[in-house]
Amino acid sequence: MGFTLAEKLLAHAASESNVYAGEYVTASIDLAVSHDNSALVIDRFHELGGNKVRTPEKIVIILDHRTPANTIMSANLQKRVRHFIIDQNIPLFFDVGEGICHQVLFEKRLIAPGMVVVGSDSHMTTHGAVSAFATGVGAIDLAAIWKEGTLWFKVPQTLKFIVQGTLSSFVTAKDISLSIIGKIGAAGASYRSCEFYGTAIKDLSLASRLCLCNMMMEAGAKNAIIPSDENLRFWFNDAKKSRYDVVYADADAMYEKEYIIDVAELVPQIACPHSVDNVKPVSAVHDVAIDQILIGSCTNGRLEDFAIAAEIIGSRKVCNTVRLLLVPASRTVLLNAVKKGYLQRLIKAGGILLPPGCGPCLGLHQGVVADNEIVLSTSNRNFQGRMGAASAQIYLSSPAVAAASAVTGVISDPREVVR
Amino acid sequence: MIIRGRVYCLGDAINTDVIIPGRFLTIQDPYELARKAFADSDPLFLDHVAETNIIVAGENFGCGSSREQAAICLKFAGVKAIVSSSFARIFFRNAINVGLPVIECSSAVNEISAGDTLTIDVGKGVIKNRSLSKQWTCVSYPEWMVSILTAGGYISYIRKNKAL
Ligand code: SF4
């Protein structure tokens, strides 16, 4: 009997010849990632008796959640992180303004195929897009990795998704993700690894793959992973990465469940308040008036997301009852979106540009929402209170739906708006 | 490790943003964090757990972010254990690490009511409901995980083992 990708990558990291789902392993970690919560990790590291981190070059710290600092308290915490970086000689540090950790890790090619990577952020699942085993943990676990270089895992069961068909125009990876989560539920992939196959996956750009793997966290996944292919090899060829382990699952690997999905008929989807699995076709929720729209986040703040939004907005204006917030996922995305003219078009239309980072995604700053407001966001979470007032209602969609809705002021199908 | 207490009931999919909203994540004092637990949805939470200190909840407890503060604020609010049909995985790890017993047992969840008195043997994985005179066997954990809980969390566990 063969092995899944999760079983193979974890076995390799644990120096075992083979491991099966359900076993516990201690794996050595190729990269430990943290963001603004590094201050908490530093405390935990010292509480664990840590003095010097074991391998400074296997640590990445990217400040992205409060950029620039929103309160004296967060400014002080960020300052502590900067001191720690110098103290410990950690070379991979990216200060505020560089972008959201998940986009920066990708752009800088810090995570390569075959790696086992852990971060103190739940959306680490994103990096399965480059065929790595990547998962999120809390501060104590991350501090333990800083100290020991290893972490325990229960080897997960794997769900296999075979996604076939060609997407219609203005239907995106976000719609695939939402439709999958709508189908399997917000706990549908709990503790599971998700492997993706099929022609529709092959056709996805790397940015779209990042979006899909990012969203699988919202189904509870431990990790999501897309096997390496030409697209990915091309991305890494350029960078002449020394580490690039192409690992595939065995043909006779044991999957807990297999889903076959056809996306040819898929229409734009939307997740309604207050749960990511409350998914409907956009056409079923038309006429909901929106107060604020966010195009950004680690799910949909990439160049292709601003490209599709700019295409839909065209020479139209943002409806005057809507605030359209634009948050590029990184400095590179920002520069490229400026160069291509996407941002100019969106800003001219009435959009408000915010610095690269998490922006208003987690309700701290830069567009906290008022009581009873209606929000449409391209991010990944619509928990009650996530973006500000607990009485606000958050809908989640693709950037195409967000841009179309920005024009009309109500939740709208992009295919209707561009017609 | 034996835990006794009365039950406070919560629903399905209690997420980390509800447990501790993002704006409180810069708070470092665990007791102050505890005062912010469920700040938006249940401002009287602290008073409730003063009398009823075992949370019994439905599916996917702790879904959402990796914030360890979600487990910390519940522990320091006085929650002695959480019995749930299922836990989100990062919350589960965090709870073990901070020494907050989390017990997966859907059959018990279906029958337990608010105010019931429970005795939980974490090592054996047995929940006794003294109000109903019933007991359930739950998902068992490896011994080392129970040792971490018994020590009061991963940090005390490491410290203790180092001292040996
Ligand atoms: S953009 Fe939102 S979901 Fe993504 S890392 Fe930042 S806060 Fe988390």
Side-chain angles (χ1 to χ4, degrees), chain A residues 24 36-37 39-41 43-44 47-49 65-66 70-71 73-74 76-77 119-124 135-144 147 152 154 156 185-187 190-192 217-218 220-222 274-277 361-365 368 381 383-391, chain B residues 12-28 33 38-43 58-72 85-99 104 141-142 144-145 148 153-159 161-163:
Chain A
Y24 287 90
D36 296 41
N37 62 13
L40 184 61
V41 185
D43 285 339
R44 296 292 180 255
E47 286 166 28
L48 281 171
H65 276 54
R66 301 165 182 86
N70 57 335
T71 60
M73 179 75 102
S74 33
N76 281 330
L77 292 174
S120 57
D121 187 89
S122 58
H123 290 103
M124 283 303 292
T135 192
V137 296
I140 294 177
D141 278 333
L142 204 76
K147 189 162 168 273
W152 68 267
K154 189 172 182 180
S190 264
Y191 293 93
R192 307 308 194 268
M217 168 59 213
E218 300 310 313
K222 182 175 218 153
H274 296 289
S275 176
V276 67
D277 57 4
C361 175
L362 75 166
L364 297 175
H365 63 163
V368 174
R381 260 177 206 155
F383 297 147
Q384 191 163 8
R386 168 81 177 174
M387 297 177 78
S391 56
Chain B
D12 283 331
I14 302 297
N15 69 66
T16 50
D17 277 275
V18 164
I19 299 170
I20 185 86
R23 61 183 187 279
F24 300 125
L25 294 180
T26 47
I27 298 174
Q28 286 163 295
L33 266 178
F38 294 97
D40 292 334
S41 61
D42 187 359
E59 301 284 350
N60 210 13
F61 189 97
C63 56
S65 109
S66 64
R67 58 189 72 162
E68 203 161 276
Q69 291 93 336
I72 295 171
S85 309
S86 63
F87 291 92
R89 60 162 285 277
I90 305 181
F91 180 86
F92 182 83
R93 287 189 83 108
N94 286 343
I96 304 286
N97 282 341
V98 307
E104 201 176 300
Y141 301 126
W144 55 267
M145 221 183 259
I148 293 175
Y154 186 69
I155 288 168
S156 347
Y157 171 78
I158 290 292
R159 285 189 176 161
N161 281 13
K162 218 168 128 192

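Note that the coordinates shown come from a computational prediction; the quantities given were computed from them, not determined experimentally. In what follows, chains carry the letters A, B, and so on, assigned in the order in which the sequence lines appear, proteins first and then strands, with residues in each chain numbered from 1.
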- Task: Take Arg66(A) and Thr26(B), measure what side chain to side chain contact (heavy atoms under 4.5 Å, CB included) needs, and give me the verdict at the end.
- Result: CA-CA 11 Å; Arg66(A) 301 165 182 86; Thr26(B) 47; 3.9 Å; yes

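- With a 4.5 angstrom heavy-atom cutoff, Met217(A) touches chain B only via side-chain atoms.
- Taking CD from Glu68(B) and CG from Asn37(A), the interatomic distance works out to 9.0 Å, rounded to the nearest 0.5 Å.
- The closest side-chain heavy-atom distance from Tyr191(A) to Ser86(B) is not below 4.5 Å.
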- Query: Can you check side chain to side chain contact (heavy atoms under 4.5 Å, CB included) on Arg381(A) and Ser65(B), steps first, answer last?
  - Reply: CA-CA 10 Å; Arg381(A) 260 177 206 155; Ser65(B) 109; 3.5 Å; yes

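- Chain A forms more heavy-atom pairs under 4.5 Å with one residue of Gly22(B), Ala71(B), Ala88(B) than with any other, namely Gly22(B).
- In terms of heavy-atom proximity, Gly64(B) sits nearest to Phe383(A) at CA-CE1, 3.6 Å.
- Heavy atoms closer than 4.5 Å to chain A are found in the side chain of Asn94(B), but not in its backbone.
- Side-chain contact between Leu40(A) and Gln69(B): present, with at least one pair of heavy atoms (C-beta onward) separated by less than 4.5 Å.
- Closest non-hydrogen pair, Gly138(A) versus Ile90(B), comes out as N-CG2, 4.0 Å.
- Both the backbone and the side chain of Ser74(A) come within contact range of chain B, each with at least one heavy atom under 4.5 Å from a heavy atom of that chain.
- Separation of atoms CZ (Arg93(B)) and NZ (Lys222(A)) is listed at 6.5 Å; rounding is to 0.5 Å.
- In this structure, CG on Asn15(B) lies 8.5 Å from CD on Gln384(A), to the nearest 0.5 angstrom.
- Using a 4.5 Å heavy-atom cutoff, the side chains of Gln28(B) and Asp43(A) are in contact.
- A distance of 10.0 Å separates CG of Asp36(A) from CG of Leu25(B), quoted to the nearest 0.5 Å.
- Looking only at heavy-atom pairs under 4.5 Å with chain A, the residue among Pro142(B), Gly153(B), Ser156(B) that has the most is Pro142(B).
- Atom-to-atom distance recorded for Ile140(A):CD1 and Ile72(B):CD1 is 6.5 Å, nearest 0.5 angstrom.
- Using a 4.5 Å cut-off between heavy atoms, Phe92(B) touches chain A through its side chain atoms alone.
- Using a distance-only test at 3.5 Å, with no hydrogens or angles considered, no donor-acceptor pair links the side chain of Arg89(B) to the main chain of Arg192(A).
- The heavy-atom pair separating Ile155(B) from Leu48(A) by the smallest distance is CG1-CD2, 3.7 Å.
- For the pair Ser66(B) and Val137(A), the tightest heavy-atom approach, listed with the atom from each and the gap, is CB-O, 3.3 Å.
- Proximity to chain B involves both the backbone and the side chain of Ala139(A), based on heavy atoms less than 4.5 angstrom apart.
- When atom types are taken as modelled, the side chain of Arg386(A) and the backbone of Asp17(B) share no donor-acceptor pair closer than 3.5 angstrom.
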